[in-house]
Structure formats: structure tokens, C-alpha cells
Amino acid sequence: MPHDFMPGLAGVPAATSSISDVDGQRGILEYRGIRVEELCAKSSYLETAYLLLFGHLPTASEYQRWTNDVTHHRRIKFRIIDLMKCLPEQGHAMDALQAAVAALGMFYPGRNVKDVENNYWSAVRLVAKLPTIVAAWARLRYGDAPIPPRDDLGFSENFFYMLTESAPHPLWAEIFDDCLILHAEHTMNASTFTGLVTASTLADPYTVVASSIGALKGPLHGGANEEVVVMLKEIGTADRARSYVEGVLSNKRKLMGFGHRVYKVKDPRATVLQGLCQSLFKECGSSPLYEVALEVERAAGELLKGKGIHPNVDFYSGIIYDKMGIEVDLFTPLFAMARVSGWLAHWLEQLRENKLFRPDQIYSGEHNRPYVPLTQR
Ligand code: CMC
């Protein structure tokens with residue numbers, strides 16, 4: 001095998017980017033040079049999305065315009081709702097989201113990606129409409145009518161309102177907003193790369209985001225947040241955690257929510273999410289899942305010692321969403337709702353010097369085989 005073939009493109013740069021940076025040895029994640037911990041403490045999801053998309057923290061007037069634009073584009077066309085009504089209710093929420101986002105591209109102009117003004121409106125629409133689609137699907141599958149967005153509510157508050165018809169406790173909205181910040185961007189991950197491959201053909205941004213949603217769904221990527229909560233529920237009680245972890249490792253299976261291609265220490269997002277769990281529990285009581293998770297982390301720490309495998313972003317996020325009463329198969333769509341700003345930031349960045357992705361392969365098949373007629377095979 002030639003020395004330059006890297007399975008999974010591990011360590012191979014696919015772009016030059018100034019959007020985010022990960023220091024996997026020290027556990028540092030920055031968006032446009034600002035640490036995520038600081039953004040969680042001081043910023044909001046919408047402001048962070050602006051930072052990612054346009055490279056700087058918005059001035060007061062820029063922020064006002066951005067917030068107004070996103071707020072006024074939250075509604076979705078009744079035909080998108082009708083499309084979702086036709087999907088099987090037992091289907092996965094990520095598939096419904098992907099289908100609805102792909103269909104958005106049939107309603108809005110997106111083909112001319114050289115049009116800077118139009119690209120701005122595509123970004124506004126996608127950031128604004130993903131939460132509406134997720135909340136609509138969560139209700140439609142039970143035969144309930146979607147709840148239209150309320151313009152007087154902030155981004156995260158409005159999402160809860162569309163889900164439950166009541167505005168959430170302010171602390172919930174704040175914690176949820178922090179979760180969105182933590183999921184908004186993460187360098188050249190699989191879903192971002194997928195979106196960039198699609199974008200490199202100059203496809204419209206709705207197709208780009210639909211491609212990224214497809215890649216995010218898998219359990220090795222965003223789908224892990226769902227698997228973690230399923231695992232914690234299966235373990236049930238903290239005293240069963242160690243034997244469960246031993247069983248997973250002795251069967252050479254992967255412990256969901258652990259390990260990362262880049263981080264060799266605990267993912268800084270997992271640390272912030274753990275703090276958010278504690279703030280939430282102080283207000284609304286603890287979660288049995290959290291006790292199990294702590295024990296899983298402790299057991300994994302001992303059994304995987306020295307291997308550089310630690311909790312990642314997907315380990316603690318689901319515990320928060322579960323405590324907030326959100327259904328498990330909506331966890332990865334929540335990830336997509338946040339990550340859309342990162343995907344679009346990379347899309348805009350790549351458009352400035354676009355080059356079609358067309359990698360090479362190492363052919364390992366035969367040559368000059370004769371064609372054997374059907375009757376002789
Ligand atoms: N549990 C047990 N062993 C693990 C784990 C894990 N979660 N992750 C990695 N390893 C071991 C793996 O078995 C291998 O061991 P060995 O060298 O003895 O064969 C070694 O570590 C390297 O693993 P790898 O799968 O080749 O490494 P990778 O960089 O390709 O994988 C990963 C990264 C995220 C796919 C992997 O850690 C994994 O499958 N984790 C579980 C799924 C998960 O939590 N995914 C979320 C990732 S972070 C957020 C996101 O992207 O959404």
C-alpha cells in the first residue's frame with residue numbers, strides 16, 4: 001500500500017480554514033479564535049452563528065439585523081408541512097429533516113452561489129427554518145398540528161414553544177442555547193466534509209446542508225448522542241455500569257460517546273455539558289442517567305487508561321435533552337439545528353476559492369478480463 005494512503009483521510013488536511021480550531025492534546029476548541037467556554041458564558045447561539053458565518057462578533061446594528069432576519073424567516077411553507085405529513089411516522093427524525101431541507105431548495109433561489117446577497121438569505125433561511133422543521137416533525141408524527149413560531153421569543157425559547165406550546169423556564173432556554181453553541185462548529189468533521197464535497201460541485205446550499213445531515217446521522221458521528229442515552233437506559237443503575245463497560249470492551253465494541261479522531265483528552269464540550277447538567281439538576285432535580293454516566297466515565301477511565309479515549313460531546317448532551325423531556329430521536333436533529341451555522345460558514349469560505357473535490361483512488365482490481373456470455377457463466 002503506498003505510504004500516502006490514509007484510511008479515513010486521518011490527518012490529511014482538506015482545506016485551509018479560519019473558522020474553528022481544535023487542540024486535541026490540550027482539549028481546546030475555539031471559534032474564530034474565541035474559546036467555546038467563553039462563548040457559552042457570554043454569547044448566544046445566534047450571535048455565535050453570526051461569528052462563525054461572517055468572521056467577527058456583530059456590532060449592535062449587525063446583530064439587530066441578523067436577529068430580525070432569522071426571526072422573520074422561521075415560518076415554513078404549508079407544502080413542506082404537507083410533505084412531512086406524507087412520511088411514515090415511525091421513520092427517523094433525521095430522515096424527515098433531510099427530506100424537508102432538500103425540499104426547501106425547490107422553493108427558494110439557491111442555484112446561483114456566486115450571488116453574495118442571495119447566499120446571505122440562504123444562510124438566514126436555513127438557520128431560521130431547521131428548528132421549525134424539527135419541531136413540526138415532532139408533532140406531526142403524533143397527528144398534532146405544528147405550532148407556528150412566535151416572533152417575540154428568542155431562538156431557543158421559540159424552539160421549545162414550537163415543541164410544547166409553552167415557553168420554557170428561562171434557565172432551560174439558556175442551557176439549551178449553550179448546547180447549541182457547543183454543537184455549532186467543529187473543524188473538518190465528517191458532516192462538514194460531506195457538505196463541502198457537495199458544495200464543491202457548486203450545488204445549492206439546501207442540497208449542501210441535506211448532504212451534511214445525512215452524514216451527521218450515523219452513530220460514529222452525531223448519531224452517537226442518541227445511542228448514549230439508549231445505552232445509559234439499558235445499564236439502568238450506576239452499580240451495573242462497570243460490568244457493562246467491561247462487556248463492551250471485551251467484545252471489542254465501541255463505547256458510545258467516547259473517543260475522538262482529534263481529542264486525546266476529554267472533549268472540552270463534554271466538560272461544559274457536564275456543568276450544564278449540574279446547573280439544570282440544581283433547578284429541577286437530578287437524573288438517574290447522570291449517575292450512571294458518571295460511573296461509566298469512571299469505569300472507562302480505568303479500563304481504557306492511557307489509550308486517549310475520553311468522553312466526547314455526545315456523552316452528556318443527551319442527558320440534558322432527556323431531562324428536558326425531548327424524545328431521543330430528536331437529539332441528532334438538535335445537533336443539526338446547531339451545526340447548520342458551521343456547515344454554512346465552511347460553505348461560504350470554500351466558495352471564495354472553490355475547487356471541485358475529486359480525490360484519487362488506489363485501484364486493487366483486475367485488468368483485461370474477458371467478457372463471459374451469460375450462457376457460459
Ligand atoms: N470505545 C472503545 N474503544 C474505542 C473507542 C470507543 N468509543 N473509540 C476508539 N476506540 C479504540 C478502537 O477500538 C481502536 O483500538 P485499537 O487500536 O486497539 O484497535 C482505537 O481506539 C482507535 O479507534 P478508531 O475507531 O480507529 O479511531 P477513529 O479516530 O477512527 O475513531 C471515533 C473516532 C469517534 C469514530 C471512535 O472513537 C468511535 O467510534 N467512538 C464511538 C462513537 C462516538 O462516540 N462518536 C461521536 C464522535 S464525537 C462527536 C461527533 O462527531 O458527533
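Heavy-atom basis, side chains included; hydrogens, waters and symmetry copies ignored.
Y45 places a side-chain N or O within 3.5 Å of a backbone atom of A338 that can act as its donor or acceptor partner.
L163 contributes atom CG, which lies 14.0 Å from atom CH2 of W137 (distance to the nearest 0.5 angstrom). Between the CD1 atom in I309 and the CG atom in L303 there is a gap of 11.0 Å [rounded to 0.5 Å]. Once rounded to the nearest 0.5 Å, the distance linking OG of S211 with CZ of F193 reads 12.0 Å. Between S317 atom OG and L182 atom CG the span is 9.5 Å, to the nearest 0.5 Å. Of the inter-residue distances, the one linking T332 atom OG1 with N225 atom CG reads 4.0 Å to the nearest 0.5 angstrom.
Aromatic ring orientation, W121 versus H73: tilted (interplanar angle from 30° to 60°). Ring planes of F176 and F159: parallel class, angle under 30° (limits at 30 and 60°).
Minimum heavy-atom separation, L255 to V248: N-CG1, 4.0 Å. Across every non-hydrogen atom of A241 and V292, the tightest pair is CB-O, 4.2 Å. Across all their heavy atoms, P149 and N158 have their closest contact at CA-OD1, 3.3 Å. The two atoms that bring S20 and T187 nearest to each other are OG-N, 3.0 Å, heavy atoms only. The two atoms that bring F331 and I326 nearest to each other are CE2-O, 3.4 Å, heavy atoms only.
Taking 4.5 Å as the limit, every side-chain heavy atom of E37 sits out of range of all side-chain heavy atoms of T271. Annotation: side chain of F357 is in contact with side chain of Q350 (closest heavy-atom distance under 4.5 Å). For the pair L104/K129, a side-chain contact is recorded, criterion being any heavy-atom separation below 4.5 Å from C-beta on. A heavy-atom distance below 4.5 Å is found between the side chains of W172 and C284. Within the 4.5 Å cutoff, side-chain heavy atoms of M324 are placed close to those of L280. Considering only heavy atoms from C-beta on, Y108 stays 4.5 Å or farther from S122 through its side chain. In this structure the side chain of L9 never reaches within 4.5 angstrom of the side chain of M188, judged on heavy atoms. Using a 4.5 Å heavy-atom cutoff, the side chains of W66 and L46 are in contact.
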**Request:** Please report the C-alpha distance between Y31 and S43 in whole Å, then the side-chain angles of each, then the deciding distance to 0.1 Å, and finally whether the side-chain hydrogen bond (donor to acceptor under 3.5 Å, both in side chains) criterion is met.
**Result:** CA-CA 12 Å; Y31 297 166; S43 185; over 6 Å; no
**Prompt:** Which is it for D69 and Y120 under the side-chain hydrogen bond (donor to acceptor under 3.5 Å, both in side chains) test, yes or no, and what are the steps along the way?
**Reply:** CA-CA 10 Å; D69 289 345; Y120 171 80; 2.6 Å; yes
**Request:** Would you please test F335 and H186 for ring-ring contact (aromatic ring centres under 6.0 Å, His included) and show each step?
**Result:** CA-CA 12 Å; F335 194 154; H186 207 248; 9.1 Å; no
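With respect to R242 and E246, a salt bridge is recorded, a charged nitrogen being found less than 4.0 Å from a carboxylate O. Comment: K85 engages D82 in a salt bridge, judged by a side-chain N to carboxylate O separation of less than 4.0 angstrom. Using a cutoff of 4.0 Å between basic side-chain nitrogens and carboxylate oxygens, D329 and K217 are not scored as salt-bridged. A salt bridge links R298 with E295; the closest basic N to acidic carboxylate O contact falls under 4.0 Å.
Under 3.5 Å, the side chains of T198 and T207 contain no donor-acceptor pair of N or O atoms.
In this structure, R79 places its CZ atom where only 12 or fewer heavy-atom neighbours from other residues, nucleotides or ligands lie under 6.0 Å away. No more than 12 heavy atoms of other residues, nucleotides or ligands sit less than 6.0 Å from atom CD of E353. Counted within 6.0 Å of CZ on R75, heavy atoms from surrounding residues, nucleotides or ligands total more than 12; the atom is thus considered enclosed.
Checked options L330, V229, L334, V328; the residue passing with Y321 is L334 (criterion: side chain to side chain contact (heavy atoms under 4.5 Å, CB included)). Each of E89, E327, Q90 was scored for a side chain to side chain donor-acceptor pair (under 3.5 Å) with R141, with one residue passing: E327. Of the listed residues (L53, V124, V208), just one forms a side chain to side chain contact (heavy atoms under 4.5 Å, CB included) with L344, and that residue is L53.
For the pair R74 and Y161, the cation-pi test (distance below 6.0 Å, angle within 45°) is failed.
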